[in-house]
Amino acid sequence: MGRSDKIILVEETENLRSIGKNYPRFEGVHKASGSYIYTPDISLPRMLYGKFRRSDVPHSKIVHIDTRKAKKVKGVVAVLTGADLSFSFGIYVNDEPFLARDKVRYMGEPVAAVSAISADIAAEAAEKIVIEYEELEPVFDPVDAMQKGAPLVHPDLHEYHVEPIFQAKPHTNICTFVHLEKGNIEKGFDDSYEIYEDKFQSQPTAHCPLETHVTIAQVDLSGKITIWTNTQAPFLVRRELAKAFGLPLNKIRVIVRGLGGGFGGKSYTRIEPITVALAQHSNNRLVKIELTRQEEFEITVHKEPAKVYMKTGVTSDGIILARQVRAIYDAGAYAEGSPLVVRNACFTAAGPYNIEHVLIEGYCVYTNNPISGPLRGFGTPQLTWAYESQMDIIAHKLGIDPLEIRLKNCLEEGHEMPSGEILKSVGLRQTLEKAAEEIGWNDFLPKQDHGIGIACCHKLSFSPATSSAIVRIDEDGTVQVDCATVEMGQGSNNTLIQIASESLGVPFERIGISSPDTDYSPYDQSTTASRSTFTMGNAIILACEELKQQLLNIASRYYGVTSDKLEIFDGRIRPKDSDKSGLTYEDLIHQHFRPRKASLVGKGIYTSNAVLADVKTGKTPRASAFWMYGTQIVLLKVDNDTGQVEVEKVVSVYDVGKVINPQGVEGQIEGGVIQGLGDVLLEDLIIDEGKILNPSFRDYHIVTMMDAPEIVPICVEASHDEGPFGAKGVGELVLNATAPAVANALSNAVGVRLHDLPLSQEKIFHKTRKNSNSTGATHDTKN
Amino acid sequence: MHKITLKVNGEMYSVLVEAGKTLVDLLRDDLQLTGSKKGCDMGDCGVCIVLVDGLPVNSCLVLAAEMEGKEITTIEGLAQNGILHPLQQAFIDHGAIQCGFCTPGMILTAKEILDQNPNATKEDIRSALAGNLCRCGGYNKIIKATLSLINKH
Amino acid sequence: MIRRIEYYRPDSLSEALALLEKYGEDLKVLAGGTNLLVQLKEKTIHPKVIMDIKNIPGLSSLKINDKGEGCIGPLATMRAIEHWCSSYGRYNSLRSAAQQLGSPVIGNRATVGGNLCDGSPAADTAIVLLSYDTKLVLNELGKERTVALGDFFLCPHRVDLNPYEILSQITIPQLPVSTGEAFYKLGRRKALHIALVGVAVSITRDVVSPQKIKNVRIALSSVAPTPMRAKKAEGVLAGQEWNEDLLEEAGRLAADAASPITDIRATKEYRRAMIPVLVRRALNEAWNNTEKKSGETKE
């Protein structure tokens, strides 16, 4: 008990100054005192407010829009419809208009937008817009949407720009498909002792950052666009806006304050384009759009619902010989991030196991549902749900212990992935063993109506991708890090400062870090895919190295020795073998610039080491710069009469490489478990005929304080030779294992196996009732 | 328009408010106390919680007009003479702040528990904070931070 | 902001009744606001006038009168009720319903009168008050009437309160000696939830033969158009010796009497199936509570 809420590091922290230590959150005082400024808190002179008029039909031709009444409302400045805006956006598939043009593709899609002197006036005017629709046949199920003759959500798909790393199938609803093969799947099944086939389904879930999407846009008379927006990807938003408006990049400035949560829902461009368009039409006045909670549910993305078919051939002693996976993801009406979600997730689809024969097929399919997109885990939780549920089904049928079957098959260094990548830095086995040890797996006997379940998982990071940083030492020896990593709660500020601190030998307290502003910050891909510690961390190290070289050069002139005769220690430089205390950075800067004052500047640009996969075969010698691994064990109790599940304890062990910021990693692991529990037990965005029926926190249930179990976060530190001080990443994978571990524990407790998420108490109730009514309860039966 | 007089963070205000304006909008838009957040505007998340006469209240579910004569404390009013309230410090020390959006509501709600019940148990704290959502999932650290002050008593 | 409404805050009941007389259907009474403001923002109601009754003296009082009855002002908040019940050691299921309504922060504003007058089939306090023999005092200009709570709920979100009336007092009886209570609320999570099914029970032991049930009231929420009593189930229990088989029968009858619907929270089948489970648990708990209580009175 006493150890819950305390990270357990498997390796002792070596002789490091800042890495592996806890510091108060860099922006903690501001957040604790209410002075931290989030984007919704920003209010600027001459600012107007924008509101949408949104569709109440899922798939319809727009016959006519009458905006006259809206324009007459006192206080209204601009009213726009799709016809006024000929641009589209969409980073992977250029498929989304700023406002629906010619037709609407999902219920809730913005059709018109109004700017006015107050949000209420804008909303009231928007209601006065009259829209005439002509119904088109909709398609809601992605499997239906893949059939020949299905209504096409995007008949013009063949004309869209599709990023060359994706394969779209023109004249269908398939906006991406992935094919990945290793060995000979047929032979693998032929050689198998037993073959298991299952279908699993994941529901759509919403990101629910407590801070909704907000954008403020300013368009000045020189044509420069400035936006304040709460995005995870300022440079990506800048690129998209530049492309859409046909402007050079330097005409667009994206300013990002810290985020009130992201979870992947702010990874791509959403309301920025229409906010800018409104500002362009509002007499040089600024426009702010702040989504309501209902809009956040309806027009920002949610996690792709997915259907996963999994066929697995095993030997009699539980070695997996062959695995075939067919995963169909519902992208909804527009592609957004889903093509990359499906492509990248497919690299993980066979599970964290060494399998000789693999066939993976992934489909990203348009439907007339609201837009899907990446949510923490980037398409991999849907797969982990399938492969880890099936792993227990197999273990049970073969009579093998669930831990043992995983240990028999788990990935290790040197194993070959379906893509052809040979793995390095793999701490999976250790996470399995550590989790089992913590809970006492081998001797664990659940009480009546209690169950124990295990699941493990893996994930790659988005790579190759580039981060850059500028690190400055000012005249008093304090340091400023400029980079575009977005602090959204994950603790990147602390982690990156610790890396700079370690690198330069300057105390944490003497280092500051800025928030992104594309006019000042050097380029960064985005704050996604658990990539910042690794990639931005390396960029900061490179910048610090450059600074240290400059300092050595100054010292070399001062001491009159070549720089190889000097050593840097503890923020000072002195000749090697000297007992002098040496010169501080402050002294050296003073030496260099005197009698004037100035700063030294170092820059670092780092591209993570990976090779883009062949678009047709998915083959690559290195799909990802690093892989993350983890295991969770869940203890739970089931109320047989009601189907209610109470999760009592979760042991969550992750291999994240070297831990830089323990408190931050703890926060991520605990938060991942909490979100994972919501995923498996509570959360379900109910979409009926394209309509979201529960777009509120009242009806869309996330985990509350009362539902939080005891969590034991543990880190295994499988060091990565390219990672900053051996670090990898943590933010995303931490929720993957929760859902199947809960399902496996449920099966252990009451002998029911559910294939479709979420495991609502009602489903559990009906299933246990069905089981006990038929043959009498047998544990772990197949659905 | 209604003229109301209220005390916010120890200062008296006389303001004219429209009948339909909520307290959270009065605080954020008119008094520029943006520490109180807006997460759902329907009383389902708790990020707008402020203390009204000492009691935590969802300020999105209260009309400004109802606040005549009331004494309100927002997160901005907690630190005194430039020193953080012990709870604010405890939240920082225990890593109980992540994205920070729930933090003001959490701290104010927790403050009231401590004020009312210096011997509050872990369960008391959990149930008192049941109406404050934290999507970063930092619940255990938030409880720990709050408990740390109780153990000191 | 809520557009186009007027706000009044009368200082006396007579002033309030005059406003009701004047505006009738166009007026909505603002008590705690935890429901009303949501309805206004979601535009499910469109009143012209909001009348805040919190400045009327006496409407939030909580006391025991000379007859030993509990007199609850409609403006008593969940928090106040919780404290009051705790400090008197009475009305335990009212205390627990007040505790479980939404969250403690919601309970700082939400009032019992609001919970009743909203007329939600899921109202937590409504079923507890139905499990007592509760009476409501309703006032309009120059008139006053008393209505039994059982007759108050008409259909979802409609109660027997005309547009000119206001709820001014809730009276609950002193519970007889050897009465035990229980309140069960089934939800999808442990806080901030609306009952999928709720059950409130009060049960009284026969003083002469303590294994006999003298009297019982069972009320259910979220399984019918209004909060409801399960009278047939009560019928099979009253006057009988306590035994487990009776509980099964009572649960079955309660489920038969219900007419649950399927909505986004649960299916009607699940709701119906949960009724016997909750009724059994609530009866057991309430019965056990009577033992404790009668034990206490003996000492």
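If you're wondering where the values come from, they're calculated on a predicted model, not measured in any experiment. In what follows, chains carry the letters A, B, and so on, assigned in the order in which the sequence lines appear, proteins first and then strands, with residues in each chain numbered from 1.
Contact residues of residues 68-93 of chain B toward chain C are B:Glu68 (heavy-atom distance under 4.5 Å).
Proximity to chain C is limited to the side chain of B:Asp25, based on heavy atoms less than 4.5 angstrom apart. Neither the backbone nor the side chain of C:Leu36 comes within contact range of chain B; no heavy atom of the residue lies under 4.5 Å from a heavy atom of that chain. At a 4.5 Å heavy-atom cutoff, the contact between C:Arg79 and chain B is made by side-chain atoms alone. In this structure, chain C has a heavy atom under 4.5 Å from the backbone of B:Asp44, while its side chain stays farther away. Proximity to chain C (any heavy atom under 4.5 Å) is restricted, for B:Ser127, to the backbone atoms N, CA, C and O. Contact of B:Leu133 with chain C is made through the side chain alone, with heavy-atom distances under 4.5 Å. For C:Arg3, no part lies under 4.5 angstrom from a heavy atom of chain B.
Relative orientation of the B:His2 and C:Tyr7 rings is perpendicular, given thresholds of 30° and 60° on the angle between their planes.
Among the candidates B:Ser59, B:Pro56, B:Cys102, B:Pro104, the single residue satisfying the side chain to side chain contact (heavy atoms under 4.5 Å, CB included) test with B:Ile49 is B:Pro56. Partner of B:Lys122 under the side chain to side chain contact (heavy atoms under 4.5 Å, CB included) criterion, out of B:Ile143, B:Ile150, B:Thr146: B:Ile143 alone.
Between C:Gln100 and C:Asp124, the side chains place no donor N or O within less than 3.5 Å of an acceptor N or O (distance only, hydrogens not considered).
Across B:Cys60 and B:Met42, no two heavy atoms sit closer than the pair SG-N, 3.7 Å.
Of the listed residues B:Ala128, B:Gly43, B:Ala64, the one with more heavy-atom pairs under 4.5 angstrom with chain C than any other is B:Ala128. Heavy-atom pairs under 4.5 Å with chain C peak, among B:Ala65, B:Ala130, B:Gly46, at B:Ala65.
A salt bridge does not link B:Asp29 with B:Lys38: every distance from a Lys NZ or Arg NE/NH1/NH2 to an Asp or Glu carboxylate oxygen is 4.0 Å or more.
Between C:Ile127 and C:Phe183 there is a side-chain heavy-atom pair separated by less than 4.5 Å.
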